[in-house]
Amino acid sequence: MTESEKAEGRCGWCGTTDPLYIAYHDTEWGVPEYDARALWEKLVLDGFQAGLAWITILRKREGMREAFDGFDPEIVARYGEADRARLLADPRIIRSRAKIDAAVNGARIWLDMRDSGEDFSAWLWSFVGGQPLVNQWDHFREAPPQTAESHAMAKALKARGFKFCGPVISYAFMQAVGMVNDHQTTCFRHREVQLGRNPNV
């Protein structure tokens, strides 16, 4: 498939001019992720997105990874006031105390689940029955902002103590990590994702 053919069918939400956004769509969005730490990182980033556009987070992602020690739950869970002050002064991240606190608290919950023998990845994937849901949207705007599955996930996350994880954020998370294939049917990635073709491998 030529680049022009890809551009013709690509999901409209990523636009046609930003290379970062296009690369994210073509190589990450909708690719099933099963690594527990990577899923937690994405959940944190989606929480930071609350009230903002995803491209804002995408542009800050590498800086946020550095600021948050690679989103290693073992390290983030030990953050104290000095770390919070450091993060609040770091222009590379979204400087929200509430969102920083949510990330630190989420790391501690993640560790508690792991230490009690729970697989964070398996737990999250259980909300879609352990395998990706495949939708058939002709246009990306047909995809709903939230679903019964995202409501269930959001409720369960909140019950655990996670923050910034309402049903809309949870659904955006599910789309991004491949729990649901919401590429529009005209997009070349819809079929590739369904066939398990990962462009990163």
Side-chain angles (χ1 to χ4, degrees), residues 10-14 21-50 52-55 57-58 61 64-65 71 73 99 102-103 106-107 109-110 113-114 117-201:
R10 187 179 280 120
C11 295
W13 58 259
C14 65
Y21 220 8
I22 291 170
Y24 172 72
H25 168 275
D26 289 0
T27 64
E28 290 186 59
W29 195 75
V31 175
E33 177 61 73
Y34 296 97
D35 179 79
R37 190 219 57 82
L39 286 168
W40 176 71
E41 174 184 331
K42 185 62 175 64
L43 190 64
V44 172
L45 290 172
D46 274 325
F48 270 97
Q49 182 198 352
L52 303 168
W54 175 244
I55 189 61
I57 303 301
L58 202 56
R61 183 167 59 170
M64 292 180 74
R65 281 174 171 161
F71 286 105
K99 291 177 181 179
I109 299 168
W110 189 94
M113 291 178 69
R114 184 201 65 184
E118 287 189 87
D119 185 325
F120 187 65
S121 175
W123 180 69
L124 288 174
W125 275 92
S126 71
F127 293 98
V128 292
Q131 59 185 5
L133 303 176
V134 181
N135 288 320
Q136 303 288 333
W137 312 120
D138 292 329
H139 192 278
F140 75 96
R141 293 193 188 280
E142 294 177 37
Q146 53 191 289
T147 63
E149 290 84 2
S150 76
H151 269 275
M153 179 183 285
K155 183 177 180 180
L157 284 165
K158 289 179 179 179
R160 295 275 183 166
F162 288 98
K163 306 292 184 184
F164 296 101
C165 55
V168 173
I169 288 176
S170 292
Y171 193 60
F173 167 79
M174 294 168 77
Q175 291 173 307
V177 300
M179 292 179 182
V180 56
N181 180 357
D182 265 353
H183 284 281
Q184 61 195 42
T185 53
T186 55
C187 178
F188 70 99
R189 286 297 290 150
H190 184 276
R191 178 170 168 75
E192 288 184 352
V193 168
Q194 199 167 344
L195 293 173
R197 294 177 186 165
N198 185 346
N200 298 306
V201 176

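Predicted model only: the values in this text are computed from it and were never measured.
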Gap separating the [atom1] atom of [X] from the [atom2] atom of [Y], nearest 0.5 angstrom:
X: I55; Y: R61; atom1: CD1; atom2: CZ; value: 9.5 Å
X: Q175; Y: N181; atom1: CD; atom2: CG; value: 10.0 Å
X: D26; Y: R189; atom1: CG; atom2: CZ; value: 7.5 Å
X: I57; Y: Y24; atom1: CD1; atom2: OH; value: 11.0 Å
X: C14; Y: F140; atom1: SG; atom2: CZ; value: 9.0 Å
X: F120; Y: L43; atom1: CZ; atom2: CG; value: 5.5 Å

Run E149 and M179 through side chain to side chain contact (heavy atoms under 4.5 Å, CB included) and show every step you take. CA-CA 10 Å; E149 290 84 2; M179 292 179 182; over 6 Å; no

[X] side chain near [Y] side chain, heavy-atom distance below 4.5 Å:
X: W123; Y: M113; answer: yes
X: Q184; Y: R141; answer: no
X: L124; Y: M174; answer: no
X: P132; Y: W125; answer: yes

Those residues at least two apart in sequence (or on a different chain) that pass side chain to side chain contact (heavy atoms under 4.5 Å, CB included) with A38 are E33, D35

So the salt bridge (charged side-chain N to carboxylate O under 4.0 Å, His left out) pairs with at least one residue in residues 36-49 (sequence neighbours excluded) are R37-E41, E41-R65, K42-D46

* May I have the step-by-step check of side chain to side chain contact (heavy atoms under 4.5 Å, CB included) for V177 and L39, ending in yes or no? => CA-CA 7 Å; V177 300; L39 286 168; 3.8 Å; yes

Could you check, using the six-membered ring where one of them is a Trp, whether W29 and W54 have ring centers closer than 6.0 angstrom? no

Proximity of H25 and W13 rings by center, below 6.0 Å:
yes

With a 3.5 Å cut-off and sequence neighbours excluded, list the donor-acceptor pairs that the side chains of residues 156-173 form with protein atoms.
unit_1: R160; atom_1: NH1; unit_2: E118; atom_2: OE1; d: 3.4
unit_1: R160; atom_1: NH1; unit_2: E118; atom_2: OE2; d: 2.7
unit_1: R160; atom_1: NH2; unit_2: E118; atom_2: OE1; d: 2.7
unit_1: S170; atom_1: OG; unit_2: C165; atom_2: O; d: 3.2
unit_1: S170; atom_1: OG; unit_2: G166; atom_2: O; d: 3.0
unit_1: Y171; atom_1: OH; unit_2: D182; atom_2: OD2; d: 2.6

Test side chain to side chain contact (heavy atoms under 4.5 Å, CB included) on F71 and M64; report intermediate values, then the result. CA-CA 8 Å; F71 286 105; M64 292 180 74; 4.3 Å; yes

Heavy-atom nearest pair, F48 first then A103, reads CE1-CB, 4.2 Å

Taking every heavy atom of K99 against every heavy atom of Q49, the minimum-distance pair comes out as NZ-C, 4.3 Å

